Amino acid sequence: MTSHPRESAVFYRVPDDEYPTMVRASGFHLWDSSGKQYLDLSSGISATAGIGQGRPEIADAMAAQARTLTFVHNSRVTNDQQELLAARLAGLAPEGVGRVMFTSGGSEANELSIRIARQYHLARGDWERTRIVTLAPSYHGATVGALSMTGRWDINRAYEPHLMDTVKVPAPVNFRGPFAGLEGESLAERAAAALDAAIEATGPHTVSAVMVEPVSPSAGMAVPPASYWQKVRDICDRYGILLITDEIVTGAGRTGEFLAMEHFGVVADLSNLAKGLSGGYVPLGATLVKTRIVEEIAVQSRRLAEVHTFSGAPISCAVGVAVLDVIVREGLMEQAAKRGAFLRSLLEDELGDLPFVGEIRGIGLMQMVEYVRSRDSREKLPPESEVAASLSAAMYERGVVLNTLGSQSALVGDCTVFFPALTIGETDLEHGVRVLREVLEDQHGRW
């Protein structure tokens with residue numbers, strides 16, 4: 001297999017590692033330059049290649065648009081594909097969400113939503129509303145603004161001098177931490193009270209927005225009770241704060257609904273999409289906005305002058321339209337719910353008896369297995385055991401792309417995360433889980 005070592009001109013994420021070369025993909029299978037085949041249960045990374053790779057209808061949409069109109073900048077003009085994709089997204093979004101602005105990806109979308117929130121408050125004369133409240137653990141992207149909103153000290157500490165000051169509140173994780181053992185309404189009340197108290201301490205009149213992930217991989221894929229999100233919505237409404245949902249991972253049908261927040265009966269003021277929106281075919285992000293917010297900004301003749309170069313780019317939007325066509329035509333949201341239930345049952349049946357499996361949790365086709373020293377104590381495995389690196393590498397060697405994430409948060413331990421394509425079949429899920437069981441039994445003695 002061809003690999004590219006440190007003499008490569010590429011600045012790799014880990015500069016002194018060697019990187020195998022992937023040369024081909026079809027559906028949810030990959031092939032490297034030696035011809036070895038891999039089953040991809042991560043959709044590239046974190047649910048990106050959600051409809052599978054190599055689909056001719058997506059390639060055709062890209063090529064057709066490239067032959068027609070390659071690029072225009074939307075500061076002065078629009079284009080048919082931008083208009084069509086915005087209309088399609090507004091049609092899939094909850095009632096009242098009627099406007100869309102595009103970006104090149106999720107980090108940009110999350111930052112854009114903060115700028116839109118700022119313009120909204122300025123239009124209303126609320127100049128003091130500058131603070132952003134987020135949850136911890138959480139992850140909102142790799143740009144400086146998105147990192148500022150991210151609640152992960154292991155990522156942020158190196159960049160702390162460059163980051164904005166944001167308010168972090170404990171996420172509603174009940175496996176360990178301040179909400180350990182709480183469930184249902186008790187968990188919802190305690191976690192929402194923590195958010196309320198943080199806003200009060202900050203000064204409600206200074207808070208612009210609360211940004212959250214409906215279900216967060218960084219928070220161990222813990223699924224909050226529905227009443228928690230309703231309480232968060234009520235808190236925001238009471239203080240005049242906008243609610244922003246980061247649906248970069250959870251959106252575009254991944255959880256069985258188009259937006260994950262629909263499971264909880266809550267409509268955010270702004271919702272951010274990326275990853276699965278383009279299926280990994282092009283960089284594309286979007287911020288879905290309640291119409292009333294845009295109308296408020298427009299009435300005061302305010303504007304967002306800082307438009308990204310590729311915002312609403314014709315080729316990217318053409319891909320987005322084609323991806324949504326596939327999701328709707330093939331019933332992939334319904335399939336995500338069905339396959340997600342199958343995967344959850346499979347994980348519980350195949351891994352539930354292992355004493356070092358602390359909990360299995362998730363929603364739709366995003367499921368997670370957390371490992372512990374002891375199921376009774378829920379104690380995390382020590383960092384020196386290198387669980388994440390050893391499991392990921394061992395799965396890769398066996399031809400399955402399935403990531404195990406290490407966490408330095410006190411709330412979350414080492415977790416294997418499943419983000420298979422929405423098109424995945426039961427046989428492939430069975431194979432992947434079977435290989436994971438084999439790897440766990442082999443690796444556990446080395447931890």
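All residue numbers refer to positions in the sequence shown, counting from 1. Predicted model, so just to flag it, every value in this text is computed and none were measured.
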Between D234 and Q230, do the side chains contain an N or O donor and an N or O acceptor separated by less than 3.5 Å? yes

May I ask you to check whether Y159 and S148 show a side-chain donor-acceptor distance below 3.5 Å? no

Do F258 and E262 have side-chain heavy atoms sitting under 4.5 Å apart? yes

Between S390 (side chain only) and V387 (backbone N and O only), is there a donor and an acceptor less than 3.5 Å apart? yes

Pair E370 + R361, salt bridge at N-O below 4.0 Å: yes

Check this for me, if you would: do E430 and R434 make a salt bridge, where the nitrogen-to-carboxylate-oxygen distance has to be below 4.0 angstrom? no

Taking the basic N atoms (NZ, or NE/NH1/NH2) and the acidic carboxylate oxygens, is any pair closer than 4.0 Å for D126 and R118? no

Of all the heavy-atom pairs spanning R233 and D269, show the shortest one and how long it is. NH2-OD2, 2.8 Å

Under the side-chain contact (heavy atoms from CB on, under 4.5 Å) rule, what do V23 and T21 come out as? Steps first, then yes or no, please. CA-CA 6 Å; V23 297; T21 303; 4.1 Å; yes

If we count only N and O atoms by modelled type, under 3.5 Å, do the side chains of S271 and T245 hold a donor and an acceptor together? yes

Using the rule given for side-chain hydrogen bond (donor to acceptor under 3.5 Å, both in side chains), can you reason through H73 versus T309, listing the C-alpha separation, both sets of side-chain angles and the distance that settles it, and then say yes or no? CA-CA 7 Å; H73 192 263; T309 299; 4.9 Å; no

Hey, does V319 have a side-chain heavy atom less than 4.5 Å from the side chain of L284? no

Please check if the side chain of D32 supplies one atom and the backbone of K36 the other of a donor-acceptor pair under 3.5 Å. yes

Please round to the nearest 0.5 Å and tell me the distance separating atom CD1 of I235 and atom CD1 of I241. 9.0 Å

Would you indicate whether the side-chain heavy atoms of L30 and Q37 approach each other to under 4.5 Å? no

The single option from S218, P172, P224, S216 passing side-chain contact (heavy atoms from CB on, under 4.5 Å) against L135: P172

Nearest 0.5 angstrom please: M22 CE to W31 CH2, how far? 11.0 Å

Output the distance between atom CG (N174) and atom CG (L187), rounded to the nearest 0.5 Å. 5.0 Å

Derivation and outcome, side-chain contact (heavy atoms from CB on, under 4.5 Å), residues T404 and V417: CA-CA 6 Å; T404 297; V417 292; over 6 Å; no

Give the C-alpha distance, both sets of side-chain angles, the deciding distance and a yes or no for side-chain hydrogen bond (donor to acceptor under 3.5 Å, both in side chains) between Y120 and R292. CA-CA 10 Å; Y120 169 78; R292 68 170 182 85; 3.1 Å; yes

So which atom in I248 and which in L273 form the shortest heavy-atom distance, rounded to 0.1 Å? CD1-C, 3.8 Å

For R88, is there an ion pair with D325 - N to carboxylate O distance below 4.0 angstrom? yes

For the side chain of T134 and the backbone of M149, is there at least one donor-acceptor N/O pair under 3.5 Å apart? yes

Taking atom CZ of R13 as the centre, does the number of heavy atoms from other residues, nucleotides or ligands within less than 6.0 Å exceed 12? no

Hey, mind stepping through E257 and M333 against side-chain contact (heavy atoms from CB on, under 4.5 Å) and telling me if it holds? CA-CA 6 Å; E257 297 283 357; M333 285 183 276; 5.8 Å; no

Quick one: are L343 and V433 in side-chain contact, heavy atoms under 4.5 Å? yes

Which value, rounded to the nearest 0.5 Å, describes the distance between L69 atom CG and I315 atom CD1? 8.5 Å

Using side-chain heavy atoms (C-beta onward) and a distance below 4.5 Å, is V267 in contact with M261? no

Exercise: identify the closest heavy-atom pair between A219 and P137: CB-O, 3.9 Å

V249, L41, D40 screened by side-chain contact (heavy atoms from CB on, under 4.5 Å) with F419, the one that passes: V249

Tell me, with the steps shown, if R329 and E57 meet salt bridge (Lys or Arg N to Asp or Glu O under 4.0 Å). CA-CA 12 Å; R329 183 178 68 245; E57 63 266 59; 3.3 Å; yes

Would the distance check show the side chain of S407 and the main-chain N or O of V412 forming a donor-acceptor pair, the cut-off being under 3.5 Å? yes

Donor-acceptor contact below 3.5 Å, side chain S208 vs main chain T130: no

Between T150 and R152 (side chain of the first, backbone of the second, donor and acceptor by atom type, cut-off under 3.5 Å), is there such a pair? no

Could you pull out the closest heavy-atom pair between V97 and A268, with the gap in Å? CG2-O, 4.3 Å

Less than 4.5 Å apart, side chain to side chain, heavy atoms only: is that true for L422 and R254? yes

Please confirm whether the backbone N or O of G203 pairs with a side-chain atom of T206, one donor and one acceptor, at under 3.5 Å? yes

Side chain to side chain donor-acceptor pair (under 3.5 Å), paired with R131, selected from D165, T202, T166: D165

Side chain of E111, backbone of G145: donor and acceptor closer than 3.5 Å? yes

Here the gap from D80 atom CG to L85 atom CG, rounded to the nearest 0.5 Å, amounts to 12.5 Å

Set out, in order, the CA-CA distance, both residues' side-chain angles and the distance that settles side-chain contact (heavy atoms from CB on, under 4.5 Å) for V212 and I244, then state yes or no. CA-CA 6 Å; V212 299; I244 301 173; over 6 Å; no

How many angstroms lie between NZ in K275 and OG1 in T250, if you round to the nearest 0.5 Å? 11.5 Å

Does the separation of the ring centres of F310 and F71 fall below 6.0 angstrom? yes

Will you find, in the side chains of Y12 and D17, an N or O donor that is under 3.5 Å from an N or O acceptor? no

What one should report as the nearest heavy-atom pair of G340 and Q367 is O-NE2, 4.0 Å

Looking only at the side chains, is there a donor atom on one of N272 and D246 sitting less than 3.5 Å from an acceptor on the other? no

Does either side chain, that of T68 or that of Q65, offer a donor lying less than 3.5 Å from an acceptor on the other one? no

Under the 3.5 angstrom rule, does the side chain of E83 hit a backbone N or O of A87 as a donor-acceptor pair? no

Can a donor-acceptor pair be found between the side chains of S107 and H140 at a distance below 3.5 Å? no

Ignoring hydrogens, what is the shortest heavy-atom contact between F418 and P420? Give both atom names and the distance. C-CD, 3.4 Å

A side-chain contact here means heavy atoms from C-beta on lying under 4.5 Å apart; do L411 and F175 qualify? no

Should L270 and I116 count as side-chain neighbours, where that means a heavy-atom distance under 4.5 Å? yes

Does S311 offer a backbone N or O that forms a donor-acceptor pair with the side chain of T103 under 3.5 Å? no

